[in-house]
Amino acid sequence: LLFFLSLILIGCFNIMRNLEQLKNKLKNIISDYEGVNIDYISTDTIVIEPWTRLKCQYGCPNYKKSLTCTPYPPKSDEMKKIVECYSKAILLEFSKDYEKINKLVIEIEKECAREGFYKAFGLGAGSCNFCDECNLKECVKPDLARPSLSAVGVDVHKTIANNGYNILGYDEKEDIYFCYGLILLD
């Protein structure tokens, strides 16, 4: 019994050490971007609701124009099951250069995998911007394309509020709207 407990403690220590190493590497990556904050959150704080896809379907000019947008990515019920496979996530907040958030999501996802978080998976914001026009039959850049948070049912506003951010994603003092991305980790 003592042997198994010591293995568990060693495993926990290694995970914590890996997370600390990851945090240091991510600081270097985000230093290349202006207006980016990252937070490490529990996946228990991620809210997934089916209504978010309605906002995509009725109001977004990119509806059905990208494989990363509705109706193509996993629906909210499937995404809830996927998120249950993870224990933590990295929340990205962008205040400038919004078009770069999807690129950063991929960079961080890949760095997480290199650091041993092999299940890392990123979720971006808005429509994919890696191709001029999406090939709706088959993605030509699957190594870069990731679904948007809203397209898979993430209620971004409740999720950020659950993590201490303004529920509207807005800074009145600076008159800035924020954009968000997530990288799921385990």
Side-chain angles (χ1 to χ4, degrees), residues 22 26 30 33 35-113 117-130 134 139 142-171 176-186:
L22 177 63
L26 295 186
I30 67 167
Y33 295 84
V36 178
N37 291 313
I38 61 173
D39 240 339
Y40 298 85
I41 66 171
S42 168
T43 54
D44 293 341
T45 65
I46 299 171
V47 178
I48 300 173
E49 300 284 346
W51 69 265
T52 65
R53 293 171 59 93
L54 286 174
K55 291 286 194 172
C56 297
Q57 186 175 353
Y58 300 100
C60 181
N62 296 313
Y63 179 70
K64 287 189 176 182
K65 291 184 180 175
S66 169
L67 292 176
T68 63
C69 293
T70 53
Y72 306 108
K75 292 180 175 40
S76 55
D77 55 344
E78 184 180 357
M79 195 63 202
K80 279 183 184 181
K81 292 176 185 173
I82 291 169
V83 170
E84 288 173 1
C85 297
Y86 295 86
S87 60
K88 52 191 153 297
I90 298 170
L91 177 64
L92 298 173
E93 179 187 64
F94 256 67
S95 63
K96 298 180 186 216
D97 296 328
Y98 299 123
E99 68 280 352
K100 294 181 180 177
I101 192 165
N102 293 334
K103 180 179 181 254
L104 181 59
V105 163
I106 294 300
E107 278 186 66
I108 290 177
E109 177 189 309
K110 288 180 178 180
E111 187 60 40
C112 291
F117 296 92
Y118 66 93
K119 286 172 47 178
F121 188 78
L123 297 164
S127 185
C128 178
N129 53 6
F130 292 110
C134 187
C139 183
D143 56 323
L144 299 175
R146 295 296 180 272
S148 74
L149 290 165
S150 298
V152 296
V154 174
D155 182 336
V156 175
H157 297 285
K158 281 187 182 176
T159 298
I160 64 172
N162 286 347
N163 289 284
Y165 293 82
N166 177 318
I167 194 166
L168 298 177
Y170 177 71
D171 181 340
I176 296 172
Y177 281 97
F178 297 102
C179 188
Y180 297 89
L182 273 177
I183 294 89
L184 300 169
L185 295 176
D186 197 44

Any pair with a residue in residues 35-48 that passes side-chain hydrogen bond (donor to acceptor under 3.5 Å, both in side chains), sequence neighbours left out, goes on the list, sorted by first then second residue, please.
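Every pair satisfying side-chain hydrogen bond (donor to acceptor under 3.5 Å, both in side chains) with a residue in residues 35-48: N37-E93, D39-Y165, T45-N163.
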Inter- and intrachain pairs under side-chain hydrogen bond (donor to acceptor under 3.5 Å, both in side chains), touching residues 48-60, at least two apart
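Not a single pair qualifies under side-chain hydrogen bond (donor to acceptor under 3.5 Å, both in side chains).
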Between [Y] and [X], is there a side-chain heavy-atom distance shorter than 4.5 Å?
X	Y	result
L185	S87	no
S148	N102	no
C85	F121	no
L182	I41	yes
V154	V47	no
D143	I106	no
F117	L22	yes

For K103, check salt bridge (charged side-chain N to carboxylate O under 4.0 Å, His left out) against everything at least two apart and list the hits.
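So K103 forms a salt bridge (charged side-chain N to carboxylate O under 4.0 Å, His left out) with E107.
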What closest approach, in Å, do [X] and [Y] show between heavy atoms, and which atom pair accounts for it?
X	Y	value
F178	S95	CE2-CB, 3.4 Å
G181	I101	N-CD1, 3.6 Å
V152	P147	CG1-CB, 3.7 Å
A120	C112	CB-CB, 3.6 Å

How long is the straight-line distance from [atom2] of [Y] back to [atom1] of [X], given to the nearest 0.5 Å?
X	Y	atom1	atom2	answer
T159	L149	OG1	CG	8.0 Å
N129	C134	CG	SG	11.5 Å
K158	I48	NZ	CD1	12.5 Å
R146	I183	CZ	CD1	10.5 Å
E109	L123	CD	CG	9.0 Å

Checking I30 now: which residues fulfil side chain to side chain contact (heavy atoms under 4.5 Å, CB included) with it, not counting sequence neighbours?
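Here the qualifying residues are V36, I38, L104, I108.
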Per the salt bridge (Lys or Arg N to Asp or Glu O under 4.0 Å) rule, what does the pair list look like for residues 73-83, sequence neighbours excluded?
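Non-adjacent pairs meeting salt bridge (Lys or Arg N to Asp or Glu O under 4.0 Å): zero.
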Going by salt bridge (Lys or Arg N to Asp or Glu O under 4.0 Å), name the pairs with one or both residues in residues 176-186, residues two or more places apart or in two chains.
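Matches after skipping sequence neighbours: K119-D186.
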Once ring pair (Phe, Tyr, Trp, His ring centres under 6.0 Å) is applied, do any residues pair with Y170, and if so which ones, sequence neighbours excluded?
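Once residues adjacent in sequence are excluded, the partners of Y170 under the ring pair (Phe, Tyr, Trp, His ring centres under 6.0 Å) criterion are Y177.
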Would you give me the side-chain donor-acceptor pairs under 3.5 Å for residues 59-71, sequence neighbours excluded?
from	atom 1	to	atom 2	distance (Å)
K65	NZ	P61	O	3.2
S66	OG	T68	N	3.2
S66	OG	T68	OG1	2.9
T68	OG1	C128	N	3.2

Run the numbers on N166 and I160 for side chain to side chain contact (heavy atoms under 4.5 Å, CB included), then give the verdict.
CA-CA 7 Å; N166 177 318; I160 64 172; 5.9 Å; no
